[in-house]
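The sequence lines fix the lettering, A, B, ..., with proteins before strands; numbering per chain opens at 1. What you see is a predicted model, and the numbers here were worked out from it, not measured in a lab.
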Amino acid sequence: MKVEEKIASAVIEIIKDNFGQVVAPELVTITKTRKEFEGDFTLVVFPFVKIARRSPEQTAEIIGGSLVKEVEEVIGYNVIKGFLNLTLAPEFWLDFLKKEMNNTNFGFQPERKENPVVVEYSSPNTNKPLHLGHIRNNLLGWSVSRILQAAGSTVKKVNLVNDRGIHICKSMLAWMKYGEGETPESSGKKGDKLVGDYYVKFETELRKQVDQLVKKQGLAPEEARRSAPLMQEAQELLRKWELRDPDTIAVWEKMNGWVYEGFDQTYKRLGVDFDKIYFESDTYLLGKKLVKEGLEKGFFFQKEDGSVWADLSDFKLDEKLLLRADGTSVYMTQDIGTAQLRYDDFQPGKMVYVVGNEQNYHFDVLKKVLKKLEKPYAGLLHHLSYGMVELPEGKMKSREGTVVDADDLMDEMVETARKTTEELGKTQDIGEQEKKHLYHIIGLGALKYFILKVDPKKNMLFNPAESIDFNGNTGPFIQYTHARIRSILRKAGQQRVEGIMPSIEASKLNVKEKNLLKTLYDFPAVVMEASEELSPAQIANYIYELCKEFNQFYHDYSVLNEPDKDISEFRIRLSQLTARTVKNGMELLGIEVPEKM
RNA sequence: GGUUCCGUAGCUCAACUGGAUAGAGCAACAGCCUUCUAAGCUGUAGGUUCCAGGUUCGAGUCCUGGCGGAAUCACCA
């Protein structure tokens with residue numbers, strides 16, 4: 001049991017004994033004592049003053065006095081206003097270090113045998129290359145999966161590829177009409193980029209037709225868009241696809257194959273992976289089937305034109321289309337199918353969908369529709385809704401060419417890492433292979449940290465002109481801190497690092513060492529918190545704080561040149577646990593930490 | 001217009017879920033390398049937490065009403 005819990009239950013006992021009432025555990029808030037006050041943990045006594053019928057100060061005095069007697073770790077206290085600051089025996093912190101210093105899994109919980117959590121993320125369309133928005137999605141999904149796992153859950157990472165639908169038909173059509181047989185090999189283009197180009201081509205050609213129709217026939221722009229020949233052809237292509245027309249399927253398979261090759265490269269470089277990949281082309285039929293079953297059972301209704309709808313008015317939502325009049329499926333249909341399939345595949349205890357907040361309404365509806373269908377997993381859905389990545393001029397728009405391409409961005413980051421490292425003159429004793437790897441992990445570290453340190457639900461801003469900093473609250477700062485510690489540990493030598501913990505007098509601990517120990521102590525709780533909140537940002541902010549704490553210690557005291565041998569040994573252990581915590585924490589963000597930089 | 005989310009230093013973000021005097025980093029200014037890696041450390045300056053009420057011992061956080069921004073309300077995904 002953790003000390004905080006021990007103190008909390010002691011507090012409940014003390015209140016019962018002294019004031020004759022049992023208080024709810026939620027009222028007992030124990031936090032870390034702020035730096036400007038003396039103490040380690042702080043109990044807020046305001047909630048108990050009514051029960052105690054005494055002033056906050058008197059109440060705190062009574063509880064504080066009893067805690068010193070009842071809880072052996074607590075050796076002192078002071079009262080400031082309604083805050084009871086408790087001081088723990090310094091040995092407590094040393095014992096903590098002793099216990100954890102050789103634990104390579106510090107902060108990670110053993111796997112519980114429970115139903116897995118299925119995390120869906122990435123979910124790209126196969127008509128466009130990945131951009132900065134996808135990067136946020138992928139990093140979040142991967143990191144959240146890793147954090148859940150660290151907190152003891154079994155996790156299945158899945159990707160749902162949007163490989164069918166009208167948008168895919170658009171790039172197919174453009175390639176068939178204007179492509180002249182171009183392939184990634186013939187053009188040297190990355191597969192996803194090539195297909196993306198044809199999607200753009202479709203849009204530009206379509207726009208020409210629309211402009212014509214508006215000018216010559218005076219149609220409204222929306223009407224013109226619908227009736228333009230290219231749009232008609234795309235829709236015809238979709239119908240042919242759903243009828244499994246062999247020629248259409250062949251083109252579709254070929255072009256999607258190019259895209260997957262391109263995506264795989266990007267995923268690999270980004271360091272994300274999946275346990276299972278779903279394709280909507282495999283799941284939409286199941287969705288249709290479920291919708292039809294729902295119709296037969298009377299959960300849904302049909303309009304005169306044959307389209308199928310869900311009436312969600314009992315949930316205070318309106319009607320939602322589930323199948324078109326021509327029988328083709330929509331987005332919602334597919335998601336019904338994939339939810340079912342996923343449930344059948346994994347028997348999950350929870351299904352997390354990492355999808356942008358622009359789809360909040362969609363997921364609200366999906367949950368309600370599944371409830372209408374009386375599916376047991378309707379309540380397991382959790383939409384991890386994250387904010388958009390915005391540019392200084394606003395949202396990224398592919399039509400205006402303001403999209404930040406994922407591959408280009410990674411190139412830039414790695415290049416900046418190279419330049420910065422060379423400018424700092426740190427490349428001497430590093431081999432070529434090693435350098436390449438170093439630039440990669442620094443560049444991606446900067447990018448990943450930049451994105452993951454922001455609370456997922458908030459929109460965030462990315463300014464391409466300013467690029468991403470390597471100083472201050474950044475990935476490279478943390479990587480640098482790790483490299484410095486590792487440098488000390490290398491110099492200390494394996495024997496000293498792996499030796500036993502010296503018995504030093506607890507009273508010799510200085511403030512920086514104690515602060516560092518206290519911060520390290522928090523790590524397991526931070527991991528749990530982050531897994532409950534599905535928030536990598538909490539990990540990022542924690543590691544940053546830890547690094548700052550270490551750097552202060554590093555600045556003020558020497559580890560290896562400390563004359564008192566026991567203290568030097570102790571500091572080696574302390575540094576060791578810090579390095580490991582940094583490493584473990586960064587691993588949860590998918591960021592590697594170097595030995596040297 | 002309805003619904004949802006957001007609004008914190010010039011800029012980018014925190015604030016342990018209602019707790020003490022709202023904190024970091026960038027940018028600015030002033031310092032610290034003969035000493036384990038200066039991608040570091042220390043200091044100065046920067047705030048009516050959008051506004052107005054309310055709830056209570058206590059509000060950036062909760063409730064109401066404004067103002068400003070974003071998303072969504074498709075037979076797009």
Can you tell me which nucleotide in B:C41, B:U17, B:G19 comes closest to the side chain of A:Gln552?
B:C41
Between A:Glu242 and A:Arg164, does at least one N-O distance fall below 4.0 Å, as a salt bridge requires?
yes
Side chain of A:Lys395: nearest nucleotide among B:A71, B:C75, B:A38?
B:A71
Taking the same atom, C1', in B:G18 and in B:C63, what whole-Å distance lies between them?
14 Å
Which of B:U4, B:U21, B:A39 is nearest the side chain of A:Lys81? It is B:U21
Is any side-chain nitrogen or oxygen of A:Asn459 closer than 4.0 Å to OP1 or OP2 of B:A70?
no
Minimum-distance nucleotide (side-chain atoms of A:Ile80 versus B:C41, B:A20, B:U37)
B:A20
Under-4.0 Å side-chain N/O to phosphate OP1/OP2 contact, A:Arg34 with B:A15:
no
Side chain of A:Phe46 only, please: which of B:C57, B:C41, B:A14 is the nearest?
B:C57
For B:U49, the Watson-Crick or wobble partner whose two distances fall under 3.5 Å:
none
Among the nucleotides B:A20, B:A77, B:C41, which one has an atom lying closest to any side-chain atom of A:Asn85?
B:A20
So, OP1 or OP2 of B:U37: does either fall under 4.0 Å of a side-chain N or O from A:Lys426?
no
May I ask you to decide whether A:Arg418 forms a salt bridge with A:Glu415, counting only side-chain N to carboxylate O separations under 4.0 Å?
yes
A:Lys50 side chain near B:C57 phosphate (N/O to OP1/OP2, under 4.0 Å):
yes
Does the distance from a Lys or Arg side-chain N to an Asp or Glu carboxylate O, for A:Lys583 and A:Glu592, drop under 4.0 Å?
no
Which nucleotide in the set B:G19, B:C36, B:U17 lies at the smallest distance from any side-chain heavy atom of A:Glu529?
B:U17
Look at the side-chain N and O atoms of A:Arg226 and state whether any lies under 4.0 Å from the OP1 or OP2 oxygen of B:C76.
no
Taking for each residue the nucleotide of RNA chain B bearing the nearest heavy atom, is the 5' side occupied by A:Ile442 or by A:Asp318?
A:Ile442
Shortest side-chain distance from A:Phe470, nucleotide among B:A20, B:C73, B:A39:
B:A39
Can you tell which of B:A14, B:U4, B:A20 lies closest to the side chain of A:Asn360?
B:U4
Which residue, A:Val330 or A:Arg490, contacts RNA chain B at a nucleotide closer to its 5' end, judged by nearest heavy atom?
A:Arg490
Under the 5.5 Å and 30° test, is A:Phe477 stacked on the base of B:A39?
no
Taking atom C1' in both B:C67 and B:C57, compute the distance separating them and give it to the nearest angstrom.
32 Å
Identify the heavy atoms of A:Asn159 and A:Pro124 that sit nearest to each other, and give their distance.
OD1-CD, 3.3 Å
When you compare B:A28 with B:G10, how far apart are their C1' atoms, in angstrom units rounded to a whole number?
10 Å
Test item: side-chain donor near acceptor, A:Asn360 and A:Ser385, under 3.5 Å:
yes
Looking at A:Lys457, I'd like to know whether one of its side-chain N or O atoms comes within less than 4.0 Å of OP1 or OP2 on B:A70.
no
